[in-house]
Novice: 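One structure coming up, written as C-alpha coordinates, with questions to follow.
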There are 2 protein chains.
Amino acid sequence: MLEIAVLGLLNESPMHGYELRKRLASLLGAFRAFSYGSLYPTLRRLQEAGWIDEEAPLEQTPAPSVGFAGRSKRGKRVYKLTAEGKEHFATLLAEVGPEAYDDEGFGTRLAFFAQTRSDIRLQILEGRRQRMTEQADGMRTSLARTRERMDRYTLQLQEHGLESADREVRWLSELIESERTARPPLG
Amino acid sequence: MLEIAVLGLLNESPMHGYELRKRLASLLGAFRAFSYGSLYPTLRRLQEAGWIDEEAPLEQTPAPSVGFAGRSKRGKRVYKLTAEGKEHFATLLAEVGPEAYDDEGFGTRLAFFAQTRSDIRLQILEGRRQRMTEQADGMRTSLARTRERMDRYTLQLQEHGLESADREVRWLSELIESERTARPPLG
DNA sequence: GTGTTGATGTATCGTGCTGATACATCTCGC
DNA sequence: GCGAGATGTATCAGCACGATACATCAACAC
(Lines give C-alpha, C1' and ligand atoms only; values in the text may rest on other atoms or scores of the structure.)
Protein backbone atom coordinates (compact mmCIF):
# COMPACT_ATOMS: atom_id res chain seq x y z
CA MET A 1 0.00 0.00 0.00
CA LEU A 2 2.90 2.28 0.75
CA GLU A 3 4.12 1.38 -2.69
CA ILE A 4 1.19 2.93 -4.49
CA ALA A 5 1.27 5.99 -2.24
CA VAL A 6 4.96 6.61 -2.85
CA LEU A 7 4.66 6.10 -6.58
CA GLY A 8 1.65 8.39 -6.68
CA LEU A 9 3.38 11.22 -4.89
CA LEU A 10 6.57 10.87 -6.92
CA ASN A 11 4.41 10.91 -10.02
CA GLU A 12 3.50 14.48 -9.17
CA SER A 13 7.05 15.62 -8.50
CA PRO A 14 10.46 14.33 -7.33
CA MET A 15 10.96 14.37 -3.60
CA HIS A 16 13.14 13.10 -0.77
CA GLY A 17 12.07 10.82 2.05
CA TYR A 18 11.33 13.41 4.67
CA GLU A 19 9.09 15.44 2.42
CA LEU A 20 7.43 12.27 1.17
CA ARG A 21 6.43 11.39 4.68
CA LYS A 22 5.00 14.82 5.39
CA ARG A 23 2.98 14.84 2.19
CA LEU A 24 1.83 11.33 2.96
CA ALA A 25 0.60 12.32 6.41
CA SER A 26 -1.33 15.32 5.18
CA LEU A 27 -2.66 13.55 2.11
CA LEU A 28 -4.02 10.53 3.93
CA GLY A 29 -4.96 12.56 6.96
CA ALA A 30 -6.56 10.42 9.59
CA PHE A 31 -6.32 7.30 7.47
CA ARG A 32 -2.63 6.66 7.83
CA ALA A 33 0.75 8.03 8.76
CA PHE A 34 3.54 5.62 7.75
CA SER A 35 6.75 5.78 9.68
CA TYR A 36 10.30 5.97 8.39
CA GLY A 37 10.77 2.40 9.46
CA SER A 38 8.58 1.36 6.57
CA LEU A 39 9.18 4.30 4.23
CA TYR A 40 12.91 3.90 3.74
CA PRO A 41 12.84 0.14 3.17
CA THR A 42 10.04 0.73 0.67
CA LEU A 43 12.08 3.33 -1.18
CA ARG A 44 14.95 0.88 -1.43
CA ARG A 45 12.65 -1.87 -2.62
CA LEU A 46 11.13 0.37 -5.28
CA GLN A 47 14.56 1.46 -6.39
CA GLU A 48 15.76 -2.13 -6.68
CA ALA A 49 12.66 -2.96 -8.69
CA GLY A 50 13.52 -0.09 -11.00
CA TRP A 51 10.34 1.90 -10.46
CA ILE A 52 12.12 4.87 -8.92
CA ASP A 53 15.52 6.42 -9.29
CA GLU A 54 17.80 8.70 -7.34
CA GLU A 55 18.58 12.08 -8.80
CA ALA A 56 22.27 12.91 -8.98
CA PRO A 57 23.46 14.79 -5.88
CA LEU A 58 25.18 17.46 -8.05
CA GLU A 59 28.14 18.10 -5.78
CA GLN A 60 28.01 21.81 -5.14
CA THR A 61 25.36 24.25 -6.11
CA PRO A 62 27.04 27.62 -5.58
CA ALA A 63 23.61 29.11 -5.99
CA PRO A 64 23.72 32.15 -3.78
CA SER A 65 20.30 33.20 -3.01
CA VAL A 66 17.49 33.09 -0.58
CA GLY A 67 14.41 30.91 -0.62
CA PHE A 68 15.59 28.85 -3.54
CA ALA A 69 15.42 25.11 -3.19
CA GLY A 70 18.11 24.17 -5.72
CA ARG A 71 20.03 22.48 -3.00
CA SER A 72 20.85 18.87 -2.22
CA LYS A 73 23.75 19.22 0.15
CA ARG A 74 25.40 16.17 1.58
CA GLY A 75 23.11 13.28 2.31
CA LYS A 76 20.00 14.47 0.57
CA ARG A 77 18.48 11.77 -1.61
CA VAL A 78 15.93 12.97 -4.11
CA TYR A 79 13.82 10.28 -5.76
CA LYS A 80 11.87 10.38 -9.00
CA LEU A 81 9.76 7.97 -11.02
CA THR A 82 11.39 6.10 -13.89
CA ALA A 83 9.55 5.39 -17.13
CA GLU A 84 8.89 1.85 -15.92
CA GLY A 85 7.69 3.33 -12.66
CA LYS A 86 5.11 5.48 -14.40
CA GLU A 87 3.90 2.49 -16.33
CA HIS A 88 3.76 0.34 -13.21
CA PHE A 89 1.82 3.01 -11.35
CA ALA A 90 -0.72 3.23 -14.15
CA THR A 91 -1.14 -0.54 -13.99
CA LEU A 92 -1.66 -0.46 -10.25
CA LEU A 93 -4.30 2.23 -10.57
CA ALA A 94 -6.14 0.21 -13.19
CA GLU A 95 -6.60 -2.90 -11.09
CA VAL A 96 -8.71 -3.47 -7.99
CA GLY A 97 -7.87 -6.04 -5.35
CA PRO A 98 -9.68 -6.77 -2.10
CA GLU A 99 -7.06 -4.67 -0.29
CA ALA A 100 -8.66 -1.59 -1.85
CA TYR A 101 -11.58 -1.96 0.55
CA ASP A 102 -9.96 -1.85 3.97
CA ASP A 103 -9.34 1.46 5.76
CA GLU A 104 -5.79 1.93 4.70
CA GLY A 105 -6.11 0.65 1.16
CA PHE A 106 -9.26 2.60 0.46
CA GLY A 107 -7.79 5.84 1.76
CA THR A 108 -4.77 5.42 -0.45
CA ARG A 109 -6.79 4.60 -3.53
CA LEU A 110 -9.14 7.52 -2.99
CA ALA A 111 -6.18 9.88 -2.66
CA PHE A 112 -5.27 9.13 -6.27
CA PHE A 113 -8.76 9.00 -7.70
CA ALA A 114 -8.08 12.00 -9.92
CA GLN A 115 -5.70 9.79 -11.90
CA THR A 116 -7.94 6.72 -11.80
CA ARG A 117 -10.33 5.58 -14.54
CA SER A 118 -13.92 6.37 -13.67
CA ASP A 119 -15.15 2.77 -13.93
CA ILE A 120 -12.43 1.73 -11.50
CA ARG A 121 -13.41 4.57 -9.21
CA LEU A 122 -16.97 3.35 -9.15
CA GLN A 123 -15.88 -0.21 -8.51
CA ILE A 124 -13.77 0.82 -5.54
CA LEU A 125 -16.47 3.03 -4.05
CA GLU A 126 -19.08 0.31 -4.37
CA GLY A 127 -16.79 -2.35 -2.96
CA ARG A 128 -16.01 -0.16 0.00
CA ARG A 129 -19.67 0.59 0.57
CA GLN A 130 -20.45 -3.10 0.39
CA ARG A 131 -17.85 -3.84 3.03
CA MET A 132 -18.94 -1.03 5.32
CA THR A 133 -22.57 -2.05 4.98
CA GLU A 134 -21.71 -5.58 6.02
CA GLN A 135 -19.72 -4.31 8.93
CA ALA A 136 -22.54 -2.06 10.07
CA ASP A 137 -25.09 -4.86 9.77
CA GLY A 138 -22.87 -7.20 11.71
CA MET A 139 -22.55 -4.65 14.49
CA ARG A 140 -26.27 -3.97 14.48
CA THR A 141 -27.02 -7.66 14.87
CA SER A 142 -24.48 -8.23 17.58
CA LEU A 143 -25.72 -5.13 19.35
CA ALA A 144 -29.32 -6.34 19.26
CA ARG A 145 -28.31 -9.75 20.58
CA THR A 146 -26.17 -8.62 23.47
CA ARG A 147 -27.46 -5.16 24.36
CA GLU A 148 -28.79 -6.10 27.79
CA ARG A 149 -25.69 -8.02 28.80
CA MET A 150 -23.36 -5.10 28.08
CA ASP A 151 -22.22 -2.41 30.44
CA ARG A 152 -22.75 1.24 29.63
CA TYR A 153 -19.25 1.80 28.22
CA THR A 154 -19.13 -1.18 25.91
CA LEU A 155 -22.53 -0.12 24.65
CA GLN A 156 -21.29 3.41 23.98
CA LEU A 157 -18.28 2.05 22.12
CA GLN A 158 -20.39 -0.19 19.93
CA GLU A 159 -22.96 2.46 19.19
CA HIS A 160 -20.34 5.01 18.26
CA GLY A 161 -18.71 2.46 15.98
CA LEU A 162 -22.03 1.66 14.39
CA GLU A 163 -22.87 5.29 13.79
CA SER A 164 -19.47 5.88 12.23
CA ALA A 165 -19.97 2.95 9.89
CA ASP A 166 -23.44 4.18 8.94
CA ARG A 167 -22.10 7.65 8.31
CA GLU A 168 -19.45 6.30 6.03
CA VAL A 169 -22.02 4.31 4.08
CA ARG A 170 -24.07 7.45 3.52
CA TRP A 171 -20.98 9.39 2.50
CA LEU A 172 -20.01 6.69 0.03
CA SER A 173 -23.51 6.67 -1.38
CA GLU A 174 -23.24 10.37 -2.10
CA LEU A 175 -19.88 9.92 -3.78
CA ILE A 176 -21.25 7.07 -5.87
CA GLU A 177 -24.29 9.07 -6.80
CA SER A 178 -22.29 12.07 -7.98
CA GLU A 179 -19.88 9.75 -9.75
CA ARG A 180 -22.79 8.23 -11.66
CA THR A 181 -24.40 11.51 -12.63
CA ALA A 182 -21.09 12.92 -13.77
CA ARG A 183 -20.60 9.99 -16.09
CA PRO A 184 -23.88 8.19 -16.77
CA PRO A 185 -23.18 4.54 -17.67
CA LEU A 186 -23.85 4.90 -21.38
CA GLY A 187 -27.54 4.17 -20.83
CA MET B 1 -2.64 -4.24 23.67
CA LEU B 2 -3.76 -7.75 22.90
CA GLU B 3 -2.42 -8.61 26.31
CA ILE B 4 -4.85 -6.44 28.20
CA ALA B 5 -7.74 -7.59 26.01
CA VAL B 6 -6.99 -11.26 26.57
CA LEU B 7 -6.54 -10.83 30.29
CA GLY B 8 -9.75 -8.84 30.49
CA LEU B 9 -11.81 -11.45 28.72
CA LEU B 10 -10.31 -14.32 30.68
CA ASN B 11 -11.05 -12.35 33.83
CA GLU B 12 -14.73 -12.77 33.05
CA SER B 13 -14.52 -16.47 32.34
CA PRO B 14 -12.13 -19.17 31.09
CA MET B 15 -12.05 -19.60 27.35
CA HIS B 16 -10.15 -21.17 24.48
CA GLY B 17 -8.47 -19.35 21.63
CA TYR B 18 -11.22 -19.56 19.07
CA GLU B 19 -13.86 -18.20 21.38
CA LEU B 20 -11.45 -15.53 22.59
CA ARG B 21 -11.08 -14.27 19.08
CA LYS B 22 -14.81 -14.15 18.46
CA ARG B 23 -15.48 -12.28 21.69
CA LEU B 24 -12.62 -9.95 20.88
CA ALA B 25 -14.06 -9.14 17.48
CA SER B 26 -17.54 -8.41 18.79
CA LEU B 27 -16.27 -6.57 21.84
CA LEU B 28 -13.99 -4.19 20.01
CA GLY B 29 -16.28 -3.99 17.02
CA ALA B 30 -14.90 -1.69 14.38
CA PHE B 31 -11.87 -0.84 16.45
CA ARG B 32 -9.94 -4.03 16.01
CA ALA B 33 -10.03 -7.65 14.97
CA PHE B 34 -6.80 -9.45 15.91
CA SER B 35 -5.88 -12.53 13.96
CA TYR B 36 -4.77 -15.91 15.22
CA GLY B 37 -1.28 -15.06 14.10
CA SER B 38 -1.05 -12.68 17.01
CA LEU B 39 -3.50 -14.31 19.38
CA TYR B 40 -1.77 -17.67 19.79
CA PRO B 41 1.72 -16.24 20.28
CA THR B 42 0.24 -13.87 22.85
CA LEU B 43 -1.41 -16.73 24.72
CA ARG B 44 1.90 -18.53 24.86
CA ARG B 45 3.67 -15.42 26.04
CA LEU B 46 1.11 -14.81 28.77
CA GLN B 47 1.34 -18.41 29.86
CA GLU B 48 5.12 -18.24 30.07
CA ALA B 49 4.83 -15.08 32.12
CA GLY B 50 2.51 -16.93 34.47
CA TRP B 51 -0.50 -14.66 34.00
CA ILE B 52 -2.66 -17.37 32.50
CA ASP B 53 -2.87 -21.10 32.85
CA GLU B 54 -4.23 -24.02 30.92
CA GLU B 55 -7.08 -25.94 32.46
CA ALA B 56 -6.49 -29.69 32.66
CA PRO B 57 -7.93 -31.51 29.66
CA LEU B 58 -9.75 -33.98 31.98
CA GLU B 59 -9.66 -36.94 29.69
CA GLN B 60 -13.31 -37.92 29.46
CA THR B 61 -16.29 -36.10 30.82
CA PRO B 62 -19.10 -38.61 30.69
CA ALA B 63 -21.35 -35.67 31.47
CA PRO B 64 -24.56 -36.54 29.77
CA SER B 65 -26.54 -33.51 29.20
CA VAL B 66 -27.43 -30.79 26.83
CA GLY B 67 -26.16 -27.23 26.72
CA PHE B 68 -23.45 -27.90 29.25
CA ALA B 69 -19.95 -26.84 28.34
CA GLY B 70 -18.01 -29.28 30.51
CA ARG B 71 -16.18 -30.57 27.50
CA SER B 72 -12.59 -30.29 26.31
CA LYS B 73 -12.12 -33.12 23.90
CA ARG B 74 -8.77 -33.69 22.30
CA GLY B 75 -6.87 -30.57 21.35
CA LYS B 76 -9.02 -28.08 23.09
CA ARG B 77 -6.98 -25.67 25.23
CA VAL B 78 -8.95 -23.75 27.79
CA TYR B 79 -7.16 -20.85 29.41
CA LYS B 80 -7.90 -19.10 32.67
CA LEU B 81 -6.35 -16.29 34.69
CA THR B 82 -3.97 -17.17 37.50
CA ALA B 83 -3.91 -15.23 40.76
CA GLU B 84 -0.85 -13.34 39.50
CA GLY B 85 -2.73 -12.72 36.29
CA LYS B 86 -5.64 -11.10 38.09
CA GLU B 87 -3.23 -8.93 39.99
CA HIS B 88 -1.36 -7.99 36.84
CA PHE B 89 -4.58 -7.14 35.05
CA ALA B 90 -5.64 -4.87 37.90
CA THR B 91 -2.26 -3.13 37.69
CA LEU B 92 -2.61 -2.64 33.96
CA LEU B 93 -6.07 -1.14 34.37
CA ALA B 94 -4.77 1.27 37.00
CA GLU B 95 -2.07 2.83 34.84
CA VAL B 96 -2.35 5.04 31.78
CA GLY B 97 0.30 5.19 29.08
CA PRO B 98 0.29 7.17 25.83
CA GLU B 99 -0.79 3.99 24.03
CA ALA B 100 -4.20 4.38 25.66
CA TYR B 101 -4.93 7.29 23.32
CA ASP B 102 -4.53 5.77 19.88
CA ASP B 103 -7.43 4.05 18.12
CA GLU B 104 -6.60 0.55 19.12
CA GLY B 105 -5.44 1.24 22.65
CA PHE B 106 -8.37 3.49 23.43
CA GLY B 107 -10.91 0.97 22.16
CA THR B 108 -9.39 -1.72 24.30
CA ARG B 109 -9.28 0.41 27.41
CA LEU B 110 -12.86 1.57 26.95
CA ALA B 111 -14.01 -2.02 26.60
CA PHE B 112 -12.93 -2.65 30.19
CA PHE B 113 -14.04 0.64 31.67
CA ALA B 114 -16.54 -1.08 33.93
CA GLN B 115 -13.60 -2.54 35.85
CA THR B 116 -11.52 0.65 35.73
CA ARG B 117 -11.24 3.24 38.49
CA SER B 118 -13.29 6.32 37.71
CA ASP B 119 -10.35 8.75 37.95
CA ILE B 120 -8.46 6.61 35.44
CA ARG B 121 -11.52 6.54 33.20
CA LEU B 122 -11.64 10.30 33.21
CA GLN B 123 -7.94 10.56 32.49
CA ILE B 124 -8.21 8.25 29.50
CA LEU B 125 -11.26 10.00 28.10
CA GLU B 126 -9.64 13.42 28.42
CA GLY B 127 -6.37 12.24 26.94
CA ARG B 128 -8.19 10.76 23.99
CA ARG B 129 -10.20 13.93 23.50
CA GLN B 130 -7.01 15.97 23.64
CA ARG B 131 -5.46 13.83 20.96
CA MET B 132 -8.52 13.88 18.72
CA THR B 133 -8.85 17.64 19.11
CA GLU B 134 -5.26 18.11 18.03
CA GLN B 135 -5.78 15.82 15.10
CA ALA B 136 -8.91 17.65 14.03
CA ASP B 137 -7.22 21.04 14.35
CA GLY B 138 -4.27 19.83 12.33
CA MET B 139 -6.58 18.66 9.59
CA ARG B 140 -8.56 21.88 9.65
CA THR B 141 -5.39 23.92 9.26
CA SER B 142 -3.97 21.78 6.51
CA LEU B 143 -7.35 21.85 4.79
CA ALA B 144 -7.51 25.63 4.92
CA ARG B 145 -3.99 25.95 3.57
CA THR B 146 -4.31 23.56 0.64
CA ARG B 147 -8.00 23.55 -0.19
CA GLU B 148 -7.66 25.18 -3.60
CA ARG B 149 -4.77 22.96 -4.68
CA MET B 150 -6.68 19.74 -3.99
CA ASP B 151 -8.83 17.75 -6.33
CA ARG B 152 -12.40 16.91 -5.48
CA TYR B 153 -11.65 13.43 -4.13
CA THR B 154 -8.80 14.35 -1.84
CA LEU B 155 -10.98 17.12 -0.52
CA GLN B 156 -13.81 14.69 0.16
CA LEU B 157 -11.45 12.35 1.97
CA GLN B 158 -10.07 15.10 4.17
CA GLU B 159 -13.46 16.54 4.97
CA HIS B 160 -14.87 13.17 5.88
CA GLY B 161 -11.87 12.53 8.11
CA LEU B 162 -12.29 15.90 9.76
CA GLU B 163 -15.98 15.38 10.41
CA SER B 164 -15.28 11.99 11.92
CA ALA B 165 -12.68 13.47 14.23
CA ASP B 166 -15.05 16.26 15.26
CA ARG B 167 -17.81 13.76 15.90
CA GLU B 168 -15.56 11.73 18.12
CA VAL B 169 -14.58 14.82 20.08
CA ARG B 170 -18.24 15.61 20.71
CA TRP B 171 -18.93 12.03 21.69
CA LEU B 172 -16.02 12.05 24.12
CA SER B 173 -17.21 15.31 25.60
CA GLU B 174 -20.57 13.74 26.35
CA LEU B 175 -18.91 10.75 27.97
CA ILE B 176 -16.69 13.02 30.06
CA GLU B 177 -19.65 15.13 31.08
CA SER B 178 -21.69 12.18 32.26
CA GLU B 179 -18.64 10.73 33.96
CA ARG B 180 -18.22 13.96 35.90
CA THR B 181 -21.84 14.30 36.95
CA ALA B 182 -21.99 10.66 38.01
CA ARG B 183 -19.02 11.18 40.29
CA PRO B 184 -18.49 14.87 41.06
CA PRO B 185 -14.81 15.46 41.90
CA LEU B 186 -15.34 15.81 45.63
CA GLY B 187 -16.02 19.53 45.24
C1' DG C 1 31.30 34.22 18.25
C1' DT C 2 29.02 30.63 20.48
C1' DG C 3 25.31 28.14 22.38
C1' DT C 4 20.86 26.24 22.11
C1' DT C 5 16.69 25.07 20.05
C1' DG C 6 13.85 23.15 16.48
C1' DA C 7 13.19 21.78 11.83
C1' DT C 8 15.20 18.93 8.27
C1' DG C 9 17.10 14.69 6.79
C1' DT C 10 18.61 9.49 6.59
C1' DA C 11 18.67 5.16 8.67
C1' DT C 12 18.06 0.72 11.64
C1' DC C 13 16.10 -2.49 14.99
C1' DG C 14 12.98 -5.16 17.97
C1' DT C 15 8.43 -6.20 18.37
C1' DG C 16 3.86 -7.03 16.96
C1' DC C 17 -0.01 -7.71 13.70
C1' DT C 18 -2.02 -9.31 9.31
C1' DG C 19 -3.58 -12.45 5.79
C1' DA C 20 -2.84 -16.73 3.99
C1' DT C 21 -2.51 -21.28 4.69
C1' DA C 22 -2.70 -25.93 6.66
C1' DC C 23 -4.83 -29.38 9.05
C1' DA C 24 -7.84 -31.95 12.31
C1' DT C 25 -12.43 -32.61 14.64
C1' DC C 26 -17.11 -32.04 15.60
C1' DT C 27 -22.19 -31.38 14.19
C1' DC C 28 -25.95 -31.40 11.47
C1' DG C 29 -28.78 -32.36 7.59
C1' DC C 30 -29.68 -35.28 3.81
C1' DG D 1 -22.64 -42.85 5.52
C1' DC D 2 -21.12 -38.52 3.67
C1' DG D 3 -20.31 -33.83 2.58
C1' DA D 4 -20.53 -28.98 4.30
C1' DG D 5 -19.62 -25.77 7.45
C1' DA D 6 -18.52 -24.43 12.00
C1' DT D 7 -15.03 -25.21 15.51
C1' DG D 8 -10.36 -25.43 16.89
C1' DT D 9 -4.97 -24.97 16.92
C1' DA D 10 -0.99 -23.45 14.68
C1' DT D 11 2.79 -21.26 11.62
C1' DC D 12 4.97 -18.07 8.26
C1' DA D 13 6.33 -14.22 5.15
C1' DG D 14 5.66 -9.55 4.77
C1' DC D 15 4.70 -5.18 6.41
C1' DA D 16 4.40 -1.40 9.67
C1' DC D 17 5.22 0.91 14.09
C1' DG D 18 7.70 3.37 17.67
C1' DA D 19 11.92 4.24 19.48
C1' DT D 20 16.27 5.54 18.72
C1' DA D 21 20.49 7.42 16.74
C1' DC D 22 22.88 10.75 14.42
C1' DA D 23 24.04 14.63 11.31
C1' DT D 24 23.05 19.28 9.11
C1' DC D 25 21.15 23.78 9.00
C1' DA D 26 18.66 28.18 10.12
C1' DA D 27 17.39 31.32 13.67
C1' DC D 28 17.71 33.89 17.47
C1' DA D 29 19.79 35.04 21.98
C1' DC D 30 23.47 36.23 25.00
Side-chain angles (χ1 to χ4, degrees), chain A residues 1-6 14-25 28 31-49 52 54-55 57 60-61 63 65-79 97-105 107-108 131, chain B residues 1-6 14-25 28 31-49 54-55 57 60-61 66-67 69-79 97-105 107-108 131:
Chain A
M1 224 54 263
L2 231 191
E3 176 176 335
I4 196 170
V6 167
M15 247 176 284
H16 46 253
Y18 188 82
E19 195 177 351
L20 219 30
R21 182 170 132 92
K22 282 204 309 180
R23 300 267 281 113
L24 230 33
L28 303 181
F31 272 95
R32 206 70 207 216
F34 290 117
S35 73
Y36 295 120
S38 47
L39 179 58
Y40 285 114
T42 297
L43 284 172
R44 221 154 331 163
R45 192 164 53 81
L46 294 181
Q47 191 171 16
E48 273 164 28
I52 69 176
E54 237 167 298
E55 271 182 3
Q60 275 293 60
T61 33
S65 60
V66 203
F68 196 3
R71 46 244 214 57
S72 83
K73 276 279 163 46
R74 261 255 325 278
K76 219 97 140 292
R77 287 158 167 265
V78 178
Y79 296 94
E99 76 283 357
Y101 303 142
D102 59 42
D103 286 359
E104 174 180 334
T108 309
R131 159 156 322 190
Chain B
M1 225 54 262
L2 230 191
E3 175 176 335
I4 195 171
V6 167
M15 247 177 284
H16 48 251
Y18 188 83
E19 195 179 350
L20 220 29
R21 182 169 132 92
K22 282 204 308 181
R23 301 267 280 113
L24 231 34
L28 303 181
F31 272 95
R32 206 67 208 219
F34 291 117
S35 72
Y36 295 118
S38 47
L39 179 58
Y40 285 114
T42 297
L43 284 172
R44 221 155 330 165
R45 192 163 54 80
L46 294 181
Q47 192 172 16
E48 273 165 27
E54 239 167 296
E55 271 184 1
Q60 275 293 62
T61 34
V66 203
R71 48 245 214 56
S72 81
K73 275 280 165 36
R74 261 254 327 275
K76 210 109 150 275
R77 287 157 167 264
V78 178
Y79 296 93
E99 76 282 358
Y101 303 141
D102 59 43
D103 288 357
E104 174 180 331
T108 309
R131 161 158 320 190

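Both backbone and side-chain heavy atoms feed into the values below; hydrogens, waters and symmetry mates do not. To find a chain, count down the sequence lines: A is the first, B the second, and so on, and within it residues start at 1.
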Novice: Before you tell me yes or no, could you show the steps for A:E104 and A:F34 under side-chain contact (heavy atoms from CB on, under 4.5 Å), namely the whole-Å CA-CA distance, both residues' side-chain angles and the distance that decides it to 0.1 Å?
Specialist: CA-CA 10 Å; A:E104 174 180 334; A:F34 290 117; 3.8 Å; yes
Novice: For A:G37 and A:P41, which heavy atoms make the closest approach, and how far apart are they?
Specialist: O-CG, 3.2 Å
Novice: Can you spot which of A:T42, A:L43, A:L2 makes a side-chain contact (heavy atoms from CB on, under 4.5 Å) with A:L20?
Specialist: A:L43
Novice: Measure OH/A:Y18 against C1'/D:dC25 and give the value in whole Å, please.
Specialist: 12 Å
Novice: Using 0.5 Å steps for rounding, measure from the OG1 atom of B:T108 to the CG atom of B:D102.
Specialist: 8.5 Å
Novice: So which heavy atom on A:L24 is nearest to which on A:A5, and how close?
Specialist: CD1-CB, 3.8 Å
Novice: State, yes or no, whether a side-chain contact exists between B:V6 and B:L39 at a heavy-atom distance under 4.5 Å.
Specialist: yes
Novice: Can you measure A:E19 atom CD to C:dA7 atom P for me and round it to whole angstrom units?
Specialist: 17 Å
Novice: What's the spacing between B:Q47 CD and B:E54 CD if we round to 0.5 Å?
Specialist: 4.5 Å
Novice: What string of B, S and - do you get for nucleotides 10-20 of chain D 5' to 3' if you count protein non-hydrogen atoms under 4.0 Å?
Specialist: BBB---SBB--
Novice: Provide, to the nearest angstrom, the distance between the CD atom belonging to B:E55 and the P atom belonging to D:dT9.
Specialist: 13 Å
Novice: State, with a plain yes or no, whether a side-chain heavy atom of B:Y79 is found less than 4.5 Å away from one of B:M15.
Specialist: no
Novice: Is any side-chain nitrogen or oxygen of A:K22 closer than 4.0 Å to OP1 or OP2 of C:dT8?
Specialist: yes
Novice: May I have the distance from A:L39 (atom CG) to C:dG9 (atom C1'), rounded to whole angstrom?
Specialist: 12 Å
Novice: When the distance from CZ of A:R21 to P of C:dA11 is rounded to whole Å, what number comes out?
Specialist: 15 Å
Novice: Could you tell me, to 10°, how much the axis swings from one end of the helix from C:dG1-D:dC30 to C:dC30-D:dG1 to the other, five pairs per end?
Specialist: 30°
Novice: Report the distance from atom CG of B:L43 to atom P of C:dG16, rounded to the nearest whole Å.
Specialist: 14 Å
Novice: Considering all heavy atoms of both residues, which atom of A:L28 and which atom of A:G107 are nearest to each other, and what is their separation?
Specialist: CD2-O, 4.0 Å
Novice: B:E54 has an atom CD; how far is it from atom C1' of D:dG8, in whole Å?
Specialist: 13 Å
